[in-house]
Amino acid sequence: MVTGTDISPREAEVLELVGAHLSNAEIGARLYISVRTVESHVSSLLRKLEAPDRRALARRVPESSGAGPSHPAPVLPASLTSFVGRGSERAELTGMIKTHRQVTATGPGGVGKTRLALAVAAEAAGEYADGVWFVDLVPVTDPGMIAAAVAGALGLGEQPGRDMTASVVGALADRQALLVLDNCEHVVDGVALFLGRLLAACPRVTVLATSRARLMVPFERVYPVPPLSLAADGGSDAVALFMERAAAVGRPPDLLLRDRIASICERLDGMALAIELAAARYPTLGLDGITAALSHPLRMLTGGSRADERHRSVRAALDWSHALLEPADRALLRRVSVFAASFTAAAAAEVTGAEEGMVADVLARLAEQSLLVVTATPGGTEYRALETIRQYGTERLAEAGELADARSRHLRWCLERAAGLAVAGPDWRARFDLVADDLRAALVWAADRPERRADACELARHLAELSFTRNLVGESQRHFEQAAELATDPAVTASMLRQAAAVAGCRTAGDDMYRLHLAAADAARRSGDSVGAAADLATAATVAFRFSTMFVRLPSGEEALELVAEARERAGDDPVAQAAVALAEAAVLADAFGAAQGPPGNAVPETTAYAERAVELARRTGDPLAESAALDALTGAQSWAGDTFATAATARRRITILSSTPISPAGTHELIDALGIAAEAALGAGDVRDARRWARRLAGHPSLAEAGHRATCRLLMVDALAGDVDEVLTGGVRFLDAWQRAGSPSRSLLRPAAAAVAMIHDLRDDHAARREWREVLDRLGATPEHTFGYGAVFDSMVLLHRGRASEALRRMTPEPEQVWKWVTWIWHHWYVALRAEAAVLAGSPGACDRLAEARTIVAGNPVAGAIVERAGALFDDDRERVLATVDAFDAAGCRYQSARTLVLAGGDHAARGAAVLAGLGLAPMAPPVRPAAP
């Protein structure tokens with residue numbers, strides 16, 4: 001057993017966050033370490049604390065924090081912790097997983113497949129550098145949730161823009177790992193689809209599955225699990241199991257009785273579960289009683305193969321064990337079979353309608369008879385039935401005519417739990433995870449029953465909202481769409497589809513946003529809500545332009561124009577519909593968002609007029625989300641107009657409006673967009689502190705935990721321009737790790753961040769790291785924006801640092817008006833200021849004109865203004881004026897420019913500046929090459 005001192009301080013930190021039910025990406029973001037490092041720590045903790053899976057590991061947090069117990073209690077129940085015999089089976093199955101990509105251990109329920117798989121996985125753990133991961137599929141009732149179950153075991157969240165299967169495949173693509181999928185038979189179709197994608201894309205992943213039947217997937221090799229050995233002399237694995245289990249319940253058999261025990265085990269065909277049930281009765285029945293019970297005529301299955309005959313022995317053991325129970329115990333055993341996952345006595349009392357104290361007594365008795373497994377958790381004692389016993393209980397429910405009533409009680413309990421979970425608290429994640437499988441199971445049952453359609457719709461809506469809060473956005477969208485299908489009122493259908501579209505936006509799934517808004521318009525038409533349909537049609541058109549980079553199949557401009565025309569016709573004088581149409585016109589007709597399918601140039605006055613009208617109409621609706629979206633259009637128009645400060649003010653206004661908006665899918669999507677725009681606009685206006693504030697808020701947003709590249713991209717830009725080198729290096733790790741796990745997507749949003757990190761490595765003279773980030777930039781693709789916008793700014797900063805002012809000036813040869821759309825957004829003031837400095841340092845004949853022009857353009861920008869003022873002082877050879885800009889840079893939070901100023905001032909100041917640069921981790925500045933006097 002491991003002691004608390006075996007856990008390192010870093011592992012203790014990771015364990016605490018696992019206990020808070022955070023994903024690996026969330027833990028990495030909290031601790032500023034890579035996801036791979038988190039995975040390594042979790043794998044080590046699973047081994048050290050002898051936990052079978054992540055959920056069990058989370059339960060160990062209270063007892064493992066601090067010094068920890070000297071001998072932690074086993075996580076697995078006693079009946080599963082000791083593994084008896086099966087030496088040849090273990091060796092054979094271990095050999096198979098070493099040579100085959102996917103092995104399925106098959107056999108009837110109760111033969112011991114799970115225990116054998118766990119034992120083999122434990123022995124083989126050292127062969128897999130990236131760990132062994134156990135996934136219990138018993139609670140999974142929806143075949144579409146296989147990937148989610150695997151992700152939960154691996155500690156993965158869903159990455160925006162990918163479904164959960166793609167997220168799992170991306171995480172395991174380069175991993176050497178063993179994945180154990182236990183109890184696949186009831187979701188075999190879902191498992192087959194999942195494994196098809198996993199094994200094709202993850203060449204170093206091995207899968208060991210257990211199932212009552214083969215999975216019929218490529219790469220599969222089947223291993224039929226035999227019963228326990230039955231040696232004639234009584235020295236068998238079956239006898240050893242009986243004796244150990246009998247001793248565990250308080251009465252170890254006499255060794256002289258081994259032959260009689262062997263006879264009982266033979267009657268039970270060596271089936272592990274049947275032997276355990278018999279052993280549990282030994283203290284009360286003795287061997288005579290067990291033999292007599294086995295000899296009594298019992299209800300048996302008929303026909304079938306030897307495997308079915310072995311199943312009959314388990315069924316027989318269950319039958320007589322069940323028959324020995326008191327009537328109240330039998331009733332409770334069958335009624336708790338409706339739980340898909342572990343449950344408490346209080347939950348069982350609610351679902352069965354019995355008194356909690358009585359239920360607790362019965363559950364304890366059932367556990368004593370090995371009919372339930374008990375686990376002690378920080379939240380109390382939990383119970384669960386092995387899958388074979390749970391299925392047996394369900395059969396008995398049906399035979400008693402109680403199945404529909406029990407399922408209905410369970411459904412009502414789930415609805416109450418779901419409603420109660422709507423109030424989030426510090427332990428919200430743990431409480432949701434405890435009941436999530438039951439909520440999903442109840443929904444699967446109710447959705448197939450017309451008489452339960454209303455309840456199913458309500459539960460689907462609850463699950464959609466809860467899973468969104470839990471950052472399971474793919475599941476959330478699916479449940480919102482399911483609620484829409486189950487709704488009998490088309491107005492409710494439209495509402496649910498709009499919610500689904502908002503979740504799709506959080507997933508950066510533009511195609512789904514567009515499809516769902518069109519579907520909502522159809523539902524609104526059916527409900528007679530013409531103006532609602534108008535708003536949906538207009539919103540679909542807006543989405544196609546506002547979020548054009550999120551699409552796979554981008555709707556054409558003509559298609560969007562048709563939607564706007566129909567929306568305009570249906571809107572009438574309804575203010576909400578009119579506001580939606582006005583925003584669509586700003587997007588489609590005036591290209592306020594600079595869409596991929598929009599015109600390369602747009603008339604600024606016209607764009608501004610459309611955007612301002614959209615803002616005014618949205619404001620009249622009183623809807624902060626509508627006003628925020630319209631203000632987003634206005635920021636684009638103001639940026640195209642070169643009004644940097646108005647752009648920043650409008651972006652701040654969006655944040656203010658959204659700050660009091662309740663959390664919702666639509667609100668979350670709007671806020672994430674607004675934070676990114678506000679950070680960029682503030683940076684463009686030289687407000688580094690505000691830019692950093694919005695960027696940090698964005699980087700820490702829980703909805704972006706699994707998308708660290710999207711979360712950090714704005715912050716990397718801010719920190720790089722400010723010269724906060726350590727923050728860039730730390731954030732760059734998260735960015736690169738998340739981007740690679742996401743499949744290295746090419747997104748225009750990410751390019752400035754990659755260029756910013758590459759610039760910092762350039763300034764550090766770290767050539768290897770610079771090459772790595774340049775390769776990232778190459779994979780992200782070159783665009784005019786890179787050439788004339790952020791690319792020119794970052795490249796020029798490096799060239800100026802190296803004293804190559806003439807090259808920097810050539811890098812910024814184009815006038816801003818020539819490439820206005822690529823420069824005006826964020827980069828206009830930076831471009832103009834650096835261009836003026838390069839002209840001065842390069843001795844350009846037009847330097848004086850450049851300075852005059854730059855002063856006018858950047859007036860009011862603290863950083864760009866200080867750069868221009870410094871350039872003017874250098875032009876006039878006025879050291880005191882040069883040094884005066886140091887305070888301006890320090891006040892603005894730009895440490896790099898402050899240190900650069902000292903170096904440019906020369907003399908003793910240069911040494912101070914060089915020391916600051918060295919403290920930042922940057923290479924020394926090359927002295928500027930002064931032009932020769934004429």
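- Heavy-atom neighbours of E402 CD from other residues, nucleotides or ligands within 6.0 Å: above the threshold of 12.
- Taking every heavy atom of both residues into account, L215 and A209 meet most closely at CD1-CB, 3.8 Å.
- Y282 and A246 make their closest contact through CD2-CB, 4.0 Å (heavy atoms, listed as atom of the first residue, atom of the second, distance).
- Looking at heavy atoms from C-beta onward, L137 lies in side-chain contact with L181 at the 4.5 angstrom threshold.
- Contact annotation: the side chain of L228 approaches that of L241 to within less than 4.5 Å [non-hydrogen atoms, C-beta and beyond].
- Taken to the nearest 0.5 Å, the OG atom of S476 stands 8.5 Å off from the CG atom of L472.
- The stretch residues 126-152 participates, sequence neighbours left out, in these side chain to side chain donor-acceptor pair (under 3.5 Å) pairs: R36-D130.
- Under the 4.5 Å side-chain criterion, counting only non-hydrogen atoms from C-beta, Y223 is not in contact with T106.
- Remark: the T206 side chain and the Q102 side chain contain no N/O donor-acceptor pair separated by less than 3.5 Å.
- Distance alone, capped at 3.5 Å, places no donor-acceptor pair between the S44 side chain and the S40 backbone.
- Side-chain contact annotation: R212 with T388, donor-acceptor N/O pair under 3.5 Å present.
- Taking each heavy atom of C265 and I275 in turn, the nearest pair found is SG-CD1, 4.1 Å.
- Residues meeting the side chain to side chain donor-acceptor pair (under 3.5 Å) test with D437, sequence neighbours left out: R55, R440.
- Smallest separation of non-hydrogen atoms from A349 and E356: CB-CA, 3.7 Å.
- The side-chain heavy atoms of V205 and Q176, taken from C-beta on, include no pair separated by under 4.5 Å.
- Side chains of R384 and L372 form no contact here, defined as non-hydrogen atoms less than 4.5 Å apart.
- For CZ of R90, the number of neighbouring non-hydrogen atoms (other residues, nucleotides, ligands) closer than 6.0 Å is greater than 12.
- For H322 and Y392, the gap between ring centers is short of 6.0 Å.
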Take R431 and L421, measure what side-chain contact (heavy atoms from CB on, under 4.5 Å) needs, and give me the verdict at the end.
CA-CA 8 Å; R431 290 189 291 117; L421 281 167; 3.5 Å; yes
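- R175 has a carboxylate O that lies under 4.0 Å from a charged side-chain N of E39, or vice versa, which qualifies the two as a salt bridge.
- To the nearest 0.5 Å, atoms OG1 (T284) and CG (L324) are separated by 7.5 Å.
- Remark: side-chain polar atoms of E355 are paired, donor with acceptor, to backbone N or O of M358 under 3.5 angstrom.
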E399 and T394: CA distance, side-chain angles, deciding distance, side-chain contact (heavy atoms from CB on, under 4.5 Å) verdict:
CA-CA 9 Å; E399 290 174 2; T394 302; over 6 Å; no
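- One distance of note links CD of E244 with CG of D237; it measures 11.5 Å at 0.5 Å rounding.
- Between R429 and D433, no side-chain nitrogen of the basic residue sits less than 4.0 Å from a carboxylate oxygen of the acidic one, so the salt-bridge criterion is not met.
- The pair E89-K113 fails the salt-bridge criterion, with no side-chain N (NZ, NE, NH1 or NH2) lying under 4.0 Å from an Asp/Glu carboxylate O.
- Between E475 and R478 no salt bridge is recorded (no basic side-chain N to carboxylate O distance below 4.0 Å).
- E706 and S23 are linked by a side-chain donor-acceptor pair at a separation below 3.5 angstrom, with hydrogens and angles left out of the test.
- Considering only heavy atoms from C-beta on, T114 comes within 4.5 Å of N183 through its side chain.
- A 4.5 Å side-chain heavy-atom check between V135 and D182 finds every atom pair outside the cut-off.
- Under the 4.0 Å criterion applied to side-chain N and carboxylate O atoms, R365 and E368 are not assigned as salt-bridge partners.
- Just one of R417, R409, H410, R412 meets the side-chain hydrogen bond (donor to acceptor under 3.5 Å, both in side chains) condition when paired with E350; it is R417.
- The distance from atom CG of L156 to atom CZ of R54, rounded to the nearest 0.5 Å, is 8.0 Å.
- Atom-to-atom distance recorded for L15:CG and R10:CZ is 13.5 Å, nearest 0.5 angstrom.
- Residue A367 comes nearest to V374 through the heavy atom pair CB-CG2, 3.3 Å, listed as atom of the first residue, atom of the second, then distance.
- Side-chain atoms of H462 and L439, non-hydrogen and from C-beta on, never get closer than 4.5 Å to each other.
- Going from atom CG of L371 over to atom CG of L332 covers 11.0 Å, rounded to the nearest 0.5 Å.
- The closest side-chain donor-acceptor pair between E395 and Q391, if any, does not fall under 3.5 angstrom.
- Among all heavy-atom pairs drawn from F134 and A153, the shortest one is O-CB, 3.6 Å.
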